[in-house]
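Owing to the predicted nature of the structure, the values given are computational and were not obtained by experimental measurement. The analysis underlying the following values was restricted to heavy atoms, covering all of them including side chains, and did not include hydrogens, waters or symmetry mates.
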Amino acid sequence: MMGNVIALDSILGLGELKAPAESTPVEASGCTTSSCGSSDGPADMDPAVWEKVKNHPCYSEEAHHYFARMHVAVAPACNIQCNYCNRKYDCSNESRPGVVSEKLTPDQAIRKILAVAQEIPQLSVIGIAGPGDSLAAGAKNTFATFEHLQKKAPDLKLCLSTNGLALPETVERIAQYNIDHVTITINMVDPEVGQHIYPWIFYKHKRWTGLDAAKILHEQQMLGLEMLTARGILVKVNSVMIPGINDAHLLDVNKAVKSRGAFLHNIMPLISDPAHGTHFGLTGQRGPSAQELKVVQDACEGGAKLMRHCRQCRADAVGLLGEDRGEEFTADKVEAMGEIHDDGDARRTYREHVESERAGRHASKEAAKAEVQETVGTQADPILIAVATKGGERINEHFGHAKEFQIYEVGPKGAKFVGHRRVDQYCEGGTGDGETLDTVLSAINDCAAVFVAKIGGCPSKSLEAAGIEPVDRFAFEYIEESALSYFKDYAERLGRGAVRSRAGQDAVIRTGALTARRA
């Protein structure tokens with residue numbers, strides 16, 4: 001079955017996944033990884049909870065380097081209207097929630113899931129996130145899909161996303177179907193704020209508007225959250241940051257969802273391109289800059305644990321976070337596959353390899369962090385670095401081929417993932433594009449360095465001119481250990497004036513950017 005797992009070459013940039021050298025685990029008090037949050041490891045939580053999240057790319061920052069998710073678009077109806085949402089079905093290259101190319105019946109969804117599972121051994125999670133709300137219209141399609149999937153591929157985790165309006169009356173069924181992960185989008189805990197986000201809801205056979213709509217939605221969301229956590233179901237809360245409307249309010253949201261047992265809080269930037277036809281887009285409501293988003297996220301540290309690796313996926317996304325292989329599995333292509341046989345062996349083999357890879361990872365990260373703390377101390381403030389990666393926690397992507405850069409904050413306390421920046425691919429067909437390079441620079445302008453597997457002379461000079469150091473000496477090495485090694489050198493150079501601090505720089509977030517989908 002290793003024939004399927006050889007696909008790891010495209011993720012790691014190496015050969016087959018190999019077990020690391022034996023090492024002695026480091027005992028930890030508190031967080032064993034670089035930061036509390038979605039990057040927590042097995043020593044940071046109950047073993048039963050770790051089993052639920054360790055292979056879920058949305059609930060574990062570590063898992064998102066290794067595991068793939070799949071969304072099936074079986075829930076077209078929605079029971080609320082959000083000012084940031086406009087559901088379209090024909091934007092095949094656009095990455096944003098609510099967008100799908102094909103709506104599916106439960107039977108079509110099951111066949112597509114089995115086809116993907118047969119081809120992508122990294123698949124670990126099946127989610128339903130629309131294109132409407134997974135629990136609207138009685139959630140008939142959602143539960144029918146999960147019921148059949150449990151019989152066909154019981155090893156795949158089940159996950160759903162909802163606005164929470166219909167959540168309280170469906171919690172028992174969610175528990176009945178062994179759905180361990182539920183995401184609720186909660187943008188406010190004060191209806192005075194909520195009335196500026198939601199023009200209407202449809203509840204108990206009636207359309208409600210204004211403050212009344214926001215009050216009902218808030219009450220349903222809080223009740224549903226409490227009911228889920230009381231049953232041991234892990235809840236991730238998504239919040240869209242809307243400057244001038246709820247940005248200052250999100251700290252209250254964070255405290256409220258933490259008090260009700262939410263496992264993670266994901267604060268996402270508003271997508272407000274006028275081309276999408278949303279109310280906010282058409283009325284000029286802007287999204288946040290990179291630093292504005294980070295300031296709000298940092299202010300929430302210490303509250304509900306934060307997720308920072310979200311890609312605001314399409315409702316039919318397939319593959320690792322940051323990629324979309326949906327075009328490989330359109331309805332006509334799946335139909336042409338004939339008989340589909342999936343016994344789960346490739347996925348089991350892959351997971352065994354990931355477990356062996358993980359065995360020494362936490363200890364390795366802790367050792368690198370301890371070395372920085374010992375040699376650097378508090379001599380240098382944290383910096384941001386951008387990383388070109390295909391996954392596997394390694395620096396394994398060419399600068400010109402990157403469609404996104406992962407952003408890490410590196411300092412005396414360690415290295416932690418803090419976000420990602422979508423970019424247009426600089427190099428296509430063997431040549432670079434100067435205008436595209438300018439947009440890449442604007443996306444990572446707040447970073448001191450960019451880590452790549454390889455980079456050409458022209459972009460290297462442009463980066464250096466912008467004050468961003470191109471770094472290729474850690475090609476195919478692990479990200480966090482490499483970042484900490486770089487920081488030791490950076491701190492020494494900063495101390496003697498060989499480099500300048502980039503504190504105070506800001507960057508552009510390319511929300512909803514068009515991304516090439518693999519054909």
Side-chain angles (χ1 to χ4, degrees), residues 23 25-45 60-65 251 254 258 264-267 290-291 293-309 358 360-387 389 393-395 405-420 444 446-451 469 471 474 477-495 499-505 507:
S23 58
V26 176
E27 289 196 15
S29 59
C31 293
T32 59
T33 54
S34 56
S35 68
C36 289
S38 60
S39 59
D40 287 353
D44 304 303
M45 63 189 77
S60 165
E61 187 268 310
E62 179 186 278
H64 104 276
H65 295 287
L251 184 58
N254 182 271
K258 178 186 179 181
L264 281 178
H265 188 196
N266 172 30
I267 300 174
Q291 284 302 307
L293 177 64
K294 189 173 184 297
V295 164
V296 171
Q297 291 172 330
D298 288 349
C300 291
E301 290 281 6
K305 298 175 182 179
L306 295 178
M307 173 189 181
R308 303 209 194 202
H309 61 280
R358 279 170 158 169
R361 294 293 295 117
H362 295 144
S364 176
K365 293 176 186 179
E366 282 300 301
K369 184 171 72 172
E371 186 175 350
V372 165
Q373 290 174 339
E374 181 179 347
T375 57
V376 177
T378 58
Q379 297 175 30
D381 293 328
I383 60 173
L384 297 181
I385 64 166
V387 181
T389 177
E393 292 190 274
R394 294 182 186 267
I395 304 157
F405 289 92
Q406 296 189 2
I407 308 300
Y408 283 76
E409 185 175 75
V410 193
K413 294 183 179 180
K416 66 178 180 179
F417 184 99
V418 295
H420 73 284
I444 60 173
D446 53 349
C447 296
V450 56
F451 284 37
E469 183 177 5
V471 180
F474 299 110
E477 298 296 329
Y478 286 116
I479 295 170
E480 292 191 25
E481 290 90 327
S482 300
L484 288 165
S485 177
Y486 172 84
F487 185 73
K488 286 191 300 177
D489 174 64
Y490 166 86
E492 187 275 328
R493 289 185 292 151
L494 186 68
V499 294
R500 294 182 179 180
S501 169
R502 290 185 62 77
Q505 300 292 328

Sidechain-backbone polar pair: R502 side chain, C447 backbone, donor-acceptor under 3.5 Å
yes
Heavy-atom nearest pair, R500 first then L494, reads C-CD1, 4.2 Å
Any V418 side-chain heavy atom under 4.5 Å of D298 side chain:
no
Which heavy atom of P412 sits nearest a heavy atom of V372, and at what distance?
CA-CG1, 4.0 Å
Closest approach of S364 to E481 (non-hydrogen atoms, all atoms of both residues)
OG-OE2, 2.6 Å
Rounded to the nearest 0.5 Å, what separates atom CG in L484 from atom OH in Y478?
15.0 Å
Does any part of the side chain of H420, heavy atoms only, come nearer than 4.5 Å to the side chain of T389, both counted from C-beta?
no
Centres of the Y486 and F474 rings: under 6.0 Å?
no
Taking atom CD of E371 and atom OG of S485, what is their separation to the nearest 0.5 Å?
7.5 Å
Measure across A299 and L251 and return the closest heavy-atom pair with its distance rounded to 0.1 Å.
O-CD1, 3.5 Å
Heavy-atom closest contact (A449 atom, V471 atom, distance)
CB-CG2, 4.0 Å
Taking the side chain as C-beta and beyond, is there a heavy-atom pair between S482 and I395 under 4.5 Å?
yes
Nearest 0.5 Å please: distance from the CD1 atom of I407 over to the NZ atom of K416.
14.0 Å
Distance (rounded to the nearest 0.5 Å) between R394 CZ and E477 CD:
7.0 Å
Exam field: side chain E409 to backbone P382, donor-acceptor pair closer than 3.5 Å:
no
Any sub-3.5 Å donor-acceptor pair from K365's side-chain atoms to A415's backbone N or O?
no
Of all the heavy-atom pairs spanning A507 and D446, show the shortest one and how long it is.
CB-OD1, 3.5 Å
Rounded to the nearest 0.5 Å, what's the gap from CD1 on I385 to CZ on F451? Could you check?
4.0 Å
Please report the interatomic distance CD(E480) to CD(E366), rounded to the nearest 0.5 Å.
9.5 Å
